Participant: 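Structure provided below as structure tokens; questions to follow.
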Amino acid sequence: MKPKYTSLRGVRDILPEEVKSWRRIEDKARELFRRYNYKEIETPIIEPAEMFVRTVGEESDIVRKEMYVFKDRGDRLVALRPEGTAPVVRAFLENNLYVPGKVAKFYYIGDMFRYDRPQAGRQREFHQIGIEALGESSYILDVEVIILLLEFFKELGLNDTILLLNSVGCPKCRSEYSKALREFFTPYLDELCEDCKVRLENNPLRILDCKVEGCKRVVVKAPSILDYLCNDCRVHFENVRSVLDSLDVRYILDTRLVRGLDYYTKTTFEVTVSGLDLSIGGGGRYDGLIKDLGGPDLPGIGFAIGMERLVNILRDRGLLIEEEDVPDYFIIYDVILVTKAIMLSKLLRDQGFIVEISYTAKNLKSQLKEADRSKAKKSIIMREDLLANDKVILKDMTTGEQEEIGLDKLEVSIIGERV
RNA sequence: GUGAAUGUAGCUCAAUUGGUUAGAGCGCUGGACUGUGGAUCCAGAUGUUGGGGGUUCGAGUCCCCUCAUUCACCCCA
């Protein structure tokens, strides 16, 4: 039979078995973030479209071709959130959570939407775990945020993570750098791909990310952003690096690591694992974003982890814990005992056991088959003659052994009990 | 948005150069087993071959369109 409806392209169901693994990962994140004193926040999935255009960048791919935008019935231009930072900052401002002199630390777990062509590690609805720390400009926070990200992966058992690090400077030094890049690339115009010729005008930093061979050859010789950082940005980045070095946190300095979201400033980073060319987490500073959203001129930093990608890696490495709950008891009974059977199921459930009960109450054979299929550890067989003495048959479904026991052994009695 | 591969039973996959009634394993249902599940054996059910159109005496197979999946580019988590 064919279903009448199927899920839309690029989205999928996360089935019970997998959800269980996801929750385990999320619980790990919650527990870790708690120790770093981050507070969980939930923001709406829909936001004003304009907010992302302003923060992520009008020229960014996310806004240009990946954002789900529609008009609601009140004629408002609405977007499904393509990322988590702007909404958190919006909520921070809207709810007056800013306390001068105090850093505000949030984390979120939720789904994001980008209208991409689906492929490995990329869906239209995907899930992120992220943190945002608002109101602190110190390099010490940068270091802590990076350590936290790495620590999360480590706690999940990933021990071959690779940290990529860069500084994209502030708007001031970046415009200097853009100018320098234009000057550098212009003589090589013929060797650049068509896209990059356009990028040369709009956003020369994007050329650094180009995967076309011809461009890559030129890019190797391109000047580094690091040589164009202003004094403030340079010192900041040196401090970040020196503390990471002394903490023995290894990283690859990737000066071509250009974040596709315009709001990034200064420190940016991505984390991947060997043999994967996708990042499983990434982030950076965004010192101008809060002001852009109409708030005070406060710095911010955060990261996001791609849940689907993380789960894929963990599964590949055999690090994904996939185990489903099975019933502790399956209750089998003659149909005349239905009330007592329901009572017993409730009493056992009250004690915290996972209990399944036959809904057919057919013959013993078919009920045992039900029990077997439910994967219950034990079956309780209720028979009228035994129940008169508050006894049942307890059958171990693994060994097949069974014995008559008093219900008191299960720490329940259904004589005189009411549901 | 660009390029490529794939789509057959609930699942994993067969089906000669286009050829009769599209098969197998797993799973499912029933029986062997008249109140004890699993193991074994036996029997049985299940498909508009993703959808639509075309070529042909004849299409799962060839052609076109469409939808979906997968992979790569692009971009990112």
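Per chain, numbering begins at 1; letters A, B, ... match sequence-line order. In this text, all values refer to a predicted model and were calculated from it rather than measured experimentally.
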Participant: Expressed as a whole number of Å, how far does the C1' atom of B/A43 sit from that of B/G50?
Facilitator: 33 Å
Participant: Let me know the distance between CE of A/Met67 and P of B/A77, rounded to the nearest Å.
Facilitator: 15 Å
Participant: Give one of base, sugar-phosphate or nothing for A/Asn363, where a contact means two heavy atoms less than 4.0 Å apart.
Facilitator: nothing
Participant: Tell me: OH of A/Tyr263 to P of B/A77, nearest whole Å?
Facilitator: 7 Å
Participant: Scan A/Asp111 against the nucleic acid and name what it touches under 4.0 Å (heavy atoms): base, sugar-phosphate only, or nothing.
Facilitator: nothing
Participant: Rounded to the nearest angstrom, tell me the gap between atom CZ in A/Phe126 and atom C1' in B/A77.
Facilitator: 6 Å
Participant: Just call it for A/Ala120: base, sugar-phosphate, or nothing, with non-hydrogen atoms closer than 4.0 Å on any strand.
Facilitator: sugar-phosphate
Participant: So which one's nearest nucleotide on RNA chain B is more toward 5', A/Tyr115 or A/Asp334?
Facilitator: A/Tyr115
Participant: Checking all strands, does A/Glu308 fall into the base, sugar-phosphate, or nothing category for heavy-atom contacts under 4.0 angstrom?
Facilitator: nothing
Participant: Verify the ring-centre separation between A/Tyr107 and A/Tyr38: is it less than 6.0 angstrom?
Facilitator: no
Participant: Choose from B/G1, B/G38, B/C76 the nucleotide whose nearest atom is closest to any side-chain atom of A/Arg309.
Facilitator: B/C76
Participant: Could you tell me whether the side chain of A/Glu384 reaches within less than 4.5 Å of the side chain of A/Ile336, counting heavy atoms only?
Facilitator: yes
Participant: Expressed in angstrom and rounded to an integer, what is the separation of A/Lys369 atom NZ from B/G27 atom P?
Facilitator: 11 Å
Participant: Taking the side chain of A/Arg117 as heavy atoms from C-beta outward, which of B/G37, B/G1, B/C75 is closest to it?
Facilitator: B/G1
Participant: Kindly point out which of B/G35, B/A4, B/C75 is positioned nearest to the side chain of A/Leu364?
Facilitator: B/G35
Participant: Taking only side-chain N and O atoms of A/Arg373, does any of them lie within less than 4.0 angstrom of OP1 or OP2 on B/C28?
Facilitator: yes
Participant: Of all the choices, B/A77, B/G35, B/G37, which nucleotide is nearest to the side chain of A/Lys395 once you look at every atom?
Facilitator: B/G37
Participant: If I pick the C1' atom on B/C75 and the same atom on B/U2, what distance separates them, to the nearest angstrom?
Facilitator: 13 Å
Participant: Salt bridge or not between A/Arg285 and A/Asp287? Use side-chain N to carboxylate O under 4.0 Å.
Facilitator: yes
Participant: Which heavy atom of A/Ser279 sits nearest to which heavy atom of A/Thr272, and what is that distance?
Facilitator: CA-CB, 4.3 Å
Participant: Will you find, in the side chains of A/Glu151 and A/Tyr36, an N or O donor that is under 3.5 Å from an N or O acceptor?
Facilitator: no
Participant: So what does A/Gly84 touch, heavy atoms closer than 4.0 Å: a base, only the sugar-phosphate, or nothing?
Facilitator: nothing
Participant: How close do A/Leu134 and A/Val89 get, heavy atom to heavy atom, and via which atoms?
Facilitator: CD2-CG2, 4.1 Å
Participant: Within the 4.0 Å heavy-atom criterion, would you say A/Ile332 contacts the bases, only the backbone, or no part of the nucleic acid?
Facilitator: nothing
Participant: Got a sec: does the CG of A/Leu276 have more than 12 other heavy atoms crowding it under 6.0 Å?
Facilitator: yes
Participant: Once you round it to whole Å, what is the distance between P of B/G35 and CZ of A/Arg383?
Facilitator: 13 Å
Participant: Using the closest heavy atom to pick a nucleotide of RNA chain B for each, name whichever of A/Leu8 or A/Gly121 lands nearer the 5' end.
Facilitator: A/Leu8
Participant: Tell me: NZ of A/Lys65 to C1' of B/C73, nearest whole Å?
Facilitator: 10 Å
Participant: Distance between the P atoms of B/G51 and B/G60, in whole angstroms?
Facilitator: 11 Å
Participant: Examine the side chains of A/Trp22 and A/Glu18 and answer whether a donor and an acceptor come within less than 3.5 Å of each other.
Facilitator: yes
Participant: Taking 4.0 Å as the cut-off, does a side-chain nitrogen or oxygen of A/Gln119 come that near to OP1 or OP2 on B/C71?
Facilitator: no
Participant: What interatomic distance, in whole Å, is found between C1' of B/A59 and the corresponding atom of B/U49?
Facilitator: 11 Å
Participant: Classify A/Ser374 by what it touches in the nucleic acid, base, sugar-phosphate, or nothing, heavy-atom distance under 4.0 Å.
Facilitator: nothing
Participant: Using atom CD1 of A/Ile380 as one end and atom C1' of B/G35 as the other, report the distance to the nearest whole Å.
Facilitator: 18 Å
Participant: My validator wants the stems of RNA chain B: runs of 3 or more consecutive Watson-Crick or G-U pairs, both distances under 3.5 Å, written as range with range.
Facilitator: B:1-7 with B:67-73, B:10-13 with B:23-26, B:28-32 with B:40-44, B:50-54 with B:62-66
Participant: Please state whether the base of B/U36 and the side chain of A/Gln367 form at least one donor-acceptor pair under 3.5 Å?
Facilitator: no
Participant: Within the 4.0 Å heavy-atom criterion, would you say A/Gly400 contacts the bases, only the backbone, or no part of the nucleic acid?
Facilitator: base
Participant: Using atom CZ of A/Phe52 as one end and atom P of B/C75 as the other, report the distance to the nearest whole Å.
Facilitator: 22 Å
Participant: Taking the C1' atom in each of B/A45 and B/G27, what is the distance between them to the nearest angstrom?
Facilitator: 13 Å
Participant: Which heavy atom of A/Phe126 sits nearest a heavy atom of A/Pro82, and at what distance?
Facilitator: CZ-O, 4.1 Å
Participant: Using a 6.0 Å cut-off, check whether atom CZ of A/Arg54 has over 12 heavy atoms from anything other than its own residue.
Facilitator: no
Participant: NA contact type, A/Met112, heavy-atom cut-off 4.0 Å: base, sugar-phosphate, or nothing?
Facilitator: nothing
Participant: Rounding to the closest angstrom, what is the interatomic distance between B/A5 and B/A22 at atom C1'?
Facilitator: 24 Å
Participant: Could you tell me how far B/G10 sits from B/G3 if I compare only their P atoms? Round to whole Å.
Facilitator: 34 Å
Participant: For the C1' atoms, the ones on B/U12 and on B/C28, what distance do you get once it is rounded to whole angstrom?
Facilitator: 16 Å
